[in-house]
J.: 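Okay, here's the structure, questions in a sec.
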Amino acid sequence: MEDLVLSAEKTPFEGQSTCTTCRKKRRRCDGFQPRCTLCVRNNERDDGLPCDYTTLGARKGRLELLQEKILRLEAQIRRLQYESRMRGSSAAISHRFLHITALPASISVGSPSPVISFEVPPHVQLLLIGFDPLIGSWWKTNEAPPSGLVNILIESFMEFEHHHTHDPRPPSFYSSLYDPNPQVGLHPALRNTILLLACAYRPGPLTALEPVFLRNATYYLAQSLARADRLLDYIEAYTLLTAYYVHKDRFRQAVHNGGVAMLFAAACGLHTLRPPEWSGKSSLLPPPRSRAEIRRRVRVWWMVYTLNRLGSATMNTHIDMEDEKILTIWDPPSDFRGSEKAPSKSVSSLFIRGSGATSVYDDSANAIRSKCVALVYRATYLGLDAVSAPESDRIFWEKFQTVERAIHEVASSLPSIFEEPRYEAGIAHVKSNKKTNYYTSCPHLLACDAMVSLHFKRACAGNATSLNACIDASRKVMLAIRQTLKQNMCISASAYDIVAWTRVFRVFATEYDRLIAAGDVDKAQVVISELKVLSKALKQRAATSKVQYLQT
């Protein structure tokens, strides 16, 4: 297991990866600086000078050229296989959801994308515990991981993609992960961060590889920033690294990273993406060159925003950018023609009466999620001040009522929590399968959590109206939690889901204490049943991720 941990004193060498001494002796060099492992082991540099990585005059041998050609062909075959599989499953999930209720009934429950069931083959388990040094030497020599392992990690990442975005990445994004060439496609920082998260999502043998991918990710992040190389990849990688810290229960580090990611994303103009320019006036990024690039920038921004706001709402910390400064639209149009004339709505529009932003039935899944996250944060900081705010403070209570109205309007226009078949003329109607997945249940949970966050402090202070609002919202959450248990979907719950479930638990615990104090034992027993269901869900989720619940 010690072989998996890379030495912190060595740095992978960029470009030529074979020193002059190893090249002359025709042996594989690991490319570490200042001195490679083989030269140190064989005492071949007695003068104490670093290895020479001069590339002038160096020519690759025929065997090396053939090996590189084989690697390129293998990568091309894997990309073609992946794209073929994605085309075959395109009917199961769409890149953009016009209606969440239009999700087909055939989608696999608990999985945001049509991936095959995850299972670590025996030979991979042997690789990870060190029984096969020939296959496992890649982490020592700074080579790309074996293709079979990359397949497993990409499929694991896809299965849990819904934890940080509801706008699934296109097949071309994933196919680029198979190319080991660091000079093309995605930056190595993003590639290694994705593989790191994939290991974290599946505890077990893959956990042993986390130190390898974490070291690589942090190293290449520094390289990307120092060279201003593919900065959009840098932002996405840094945001996914924040998601990794959340998953590992390192919340304070995650909140810090989320703030840094938001400020850097703003420096790159991602907070002002709107027609007709689709780029900020002062931005570190060049103007977007295609519609696909615009869509990706919008998706990355809302990833950054979501993690930043949920982190602030969880840890009760100040935000790093006010909502009023955010101009990026919720979702780029499917047809860019005439988009300049369409009203550009962003976060602030949620709290303007008559703007139409709180009607979300026709929104994409990602836009709905982002709006609900905005409501959660706004409700959290207003809810904290509601206990001490005097009734005479009209400005505060107008803001309070505005947020409450926005939550009600968003919640009332959310599509059904259950998947429903798409209606098409001339086709016999198929009954709903009465199942749910993360796309359909997440916005309902966030909307209810926003209502609880807005009213809970006042409810604890004895306000009956706020207590009823908390209980009503909590009972709606229980519908989703019971369905989650029924479908064995607890493993798909994100870290913030656990925070929301814990808040609902507190609501019912507070109501139970109130009923017992009032002598109403019968109603208290009803509340006990809800607490038992919540306890079961929390225990199941804890068993899969070992997440420690926050006492917020």
Side-chain angles (χ1 to χ4, degrees), residues 4-6 11-12 14 138-139 142-145 149-165 167-170 172-203 206-251 253-262 264-265 268 270 296-297 299-308 311 494-495:
L4 289 174
V5 183
L6 298 177
T11 304
E14 296 278 342
W138 60 271
W139 62 69
N142 201 36
E143 298 177 25
L149 178 61
V150 172
N151 283 333
I152 292 172
L153 293 177
I154 291 176
E155 288 164 358
S156 176
F157 179 81
M158 289 175 64
E159 184 174 355
F160 290 88
E161 186 181 31
H162 61 274
H163 280 196
H164 40 80
T165 182
D167 187 1
R169 296 164 177 83
S172 58
F173 180 94
Y174 284 104
S175 64
S176 63
L177 288 172
Y178 290 101
D179 194 338
N181 187 351
Q183 305 303 322
V184 299
L186 300 178
H187 194 279
L190 180 54
R191 187 172 188 267
N192 280 277
T193 307
I194 287 175
L195 300 181
L196 169 67
L197 253 180
C199 293
Y201 285 148
R202 288 295 184 180
L206 291 175
T207 304
L209 291 177
E210 288 184 37
V212 178
F213 291 124
L214 180 58
R215 171 179 165 80
N216 290 348
T218 52
Y219 170 78
Y220 285 116
L221 277 168
Q223 293 294 309
S224 174
L225 186 59
R227 301 175 181 179
D229 181 16
R230 289 165 278 185
L231 290 179
L232 188 60
D233 285 2
Y234 172 87
I235 297 172
E236 186 165 4
Y238 202 83
T239 305
L240 291 177
L241 184 62
T242 303
Y244 170 77
Y245 290 138
V246 170
H247 190 80
K248 303 299 288 186
D249 198 18
R250 296 161 63 174
F251 291 102
Q253 188 170 6
V255 170
H256 171 74
N257 274 40
V260 173
M262 172 163 277
F264 192 80
C268 291
L270 297 188
R296 185 189 173 197
R297 292 187 184 188
R299 173 180 57 77
V300 170
W301 167 253
W302 290 118
M303 281 176 53
V304 174
Y305 177 88
T306 296
L307 279 173
N308 178 266
S494 68

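Quick caveat, the model's predicted, so the values are computed rather than measured.
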J.: Take Asp249 and Phe251 through the side chain to side chain contact (heavy atoms under 4.5 Å, CB included) test and state the conclusion after the steps.
T.: CA-CA 5 Å; Asp249 198 18; Phe251 291 102; 2.3 Å; yes
J.: In Å and rounded to the nearest 0.5 Å, what is the CG to SG distance from Leu149 to Cys199?
T.: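 Those atoms lie 7.0 Å apart.
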J.: Does Leu153 offer a backbone N or O that forms a donor-acceptor pair with the side chain of Ser156 under 3.5 Å?
T.: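 A pair under 3.5 Å: no.
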J.: Leu186 vs Phe173, test: side chain to side chain contact (heavy atoms under 4.5 Å, CB included). Steps then yes/no.
T.: CA-CA 8 Å; Leu186 300 178; Phe173 180 94; 3.8 Å; yes
J.: State, to 0.1 Å, how close Thr239 and Ala261 come at their nearest heavy-atom pair, and which atoms those are.
T.: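 Taking Thr239 first and Ala261 second, the nearest heavy atoms are OG1-CB, 4.0 Å.
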J.: Say you draw a straight line from NE2 of His162 to OG of Ser494; how long is it, rounded to the nearest 0.5 Å?
T.: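 The distance works out to 7.0 Å.
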J.: About how many Å separate CZ of Phe160 and NE2 of His247, when rounded to the nearest 0.5 Å?
T.: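 It comes to 7.5 Å.
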J.: Just verifying a value: how many Å separate Ile194 CD1 and Leu241 CG, rounded to the nearest 0.5 Å?
T.: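 It comes to 12.5 Å.
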J.: Going by the rule salt bridge (charged side-chain N to carboxylate O under 4.0 Å, His left out), which residues pair with Arg297 if we only count those two or more places apart in sequence or in a different chain?
T.: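 Applying salt bridge (charged side-chain N to carboxylate O under 4.0 Å, His left out) to Arg297 gives Glu293.
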J.: Out of curiosity, His164 NE2 to Thr242 OG1, how far, rounded to the nearest 0.5 Å?
T.: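 Those atoms lie 11.5 Å apart.
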J.: Taking all non-hydrogen atoms of both residues into account, name the closest pair between Leu195 and Pro145 and its distance.
T.: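 That would be CD1-CG, 4.3 Å.
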J.: Measure from the side-chain N and O atoms of Thr306 to the backbone N and O of Met303, and report whether any donor-acceptor pair falls under 3.5 Å.
T.: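 Here the side-chain-to-backbone pair does not exist.
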J.: Can you label the angle between the Tyr201 ring and the His163 ring as parallel, tilted or perpendicular, going by 30° and 60°?
T.: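 Judged by the thresholds at 30° and 60°, the geometry between Tyr201 and His163 is perpendicular.
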J.: Between Tyr234 and Asp229, does any side-chain donor sit less than 3.5 Å from a side-chain acceptor?
T.: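 Per modelled atom types, Tyr234 and Asp229 side chains form no pair under 3.5 Å.
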J.: Just jot down the side-chain contact (heavy atoms from CB on, under 4.5 Å) partners of Ala217, sequence neighbours excluded, or say none.
T.: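 Counting only residues at least two positions away or on another chain, Ala217 forms a side-chain contact (heavy atoms from CB on, under 4.5 Å) with Asn192, Thr193.
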J.: Between the side chains of Asp233 and Arg296, is the shortest nitrogen-to-carboxylate-oxygen separation below 4.0 Å, so that they form an ion pair?
T.: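 Answer for the salt bridge query: yes.
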J.: Which pair of non-hydrogen atoms, one from Val246 and one from Ala254, has the smallest distance, and what is that distance?
T.: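 Nearest pair, atom of Val246 first, then Ala254: CG2-CB, 3.5 Å.
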J.: Per the salt bridge (charged side-chain N to carboxylate O under 4.0 Å, His left out) rule, what does the pair list look like for residues 237-248, sequence neighbours excluded?
T.: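 Pairs touching residues 237-248 that pass the test: Glu210-Lys248.
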J.: Within the 4.5 Å heavy-atom criterion, are Ile154 and Tyr178 side-chain neighbours or not?
T.: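 Result yes, sub-4.5 Å side-chain heavy-atom pair found.
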J.: Which of parallel (below 30°), tilted (30 to 60°) and perpendicular (above 60°) describes Trp302 and Tyr305?
T.: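 Perpendicular.
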J.: To the nearest 0.5 angstrom, please state how far the CD atom of Gln223 sits from the NE2 atom of His187.
T.: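 Here the interatomic distance stands at 7.5 Å.
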J.: Just by distance, do the side chain of Glu161 and the backbone of Pro168 share a donor-acceptor pair under 3.5 Å?
T.: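 Checking the backbone N and O of Pro168 against the side chain of Glu161, no donor-acceptor pair under 3.5 Å is found.
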J.: Would Leu232 and Val300 satisfy side chain to side chain contact (heavy atoms under 4.5 Å, CB included), going step by step from the backbone distance to the final call?
T.: CA-CA 8 Å; Leu232 188 60; Val300 170; 4.2 Å; yes
J.: Can you spot which of Leu197, Leu307, Ile235, Thr165 makes a side-chain contact (heavy atoms from CB on, under 4.5 Å) with Leu240?
T.: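 That would be Leu197; it is the only one of Leu197, Leu307, Ile235, Thr165 passing the side-chain contact (heavy atoms from CB on, under 4.5 Å) with Leu240.
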J.: Apply side chain to side chain contact (heavy atoms under 4.5 Å, CB included) to Arg250 and Asn257, showing your working.
T.: CA-CA 11 Å; Arg250 296 161 63 174; Asn257 274 40; over 6 Å; no
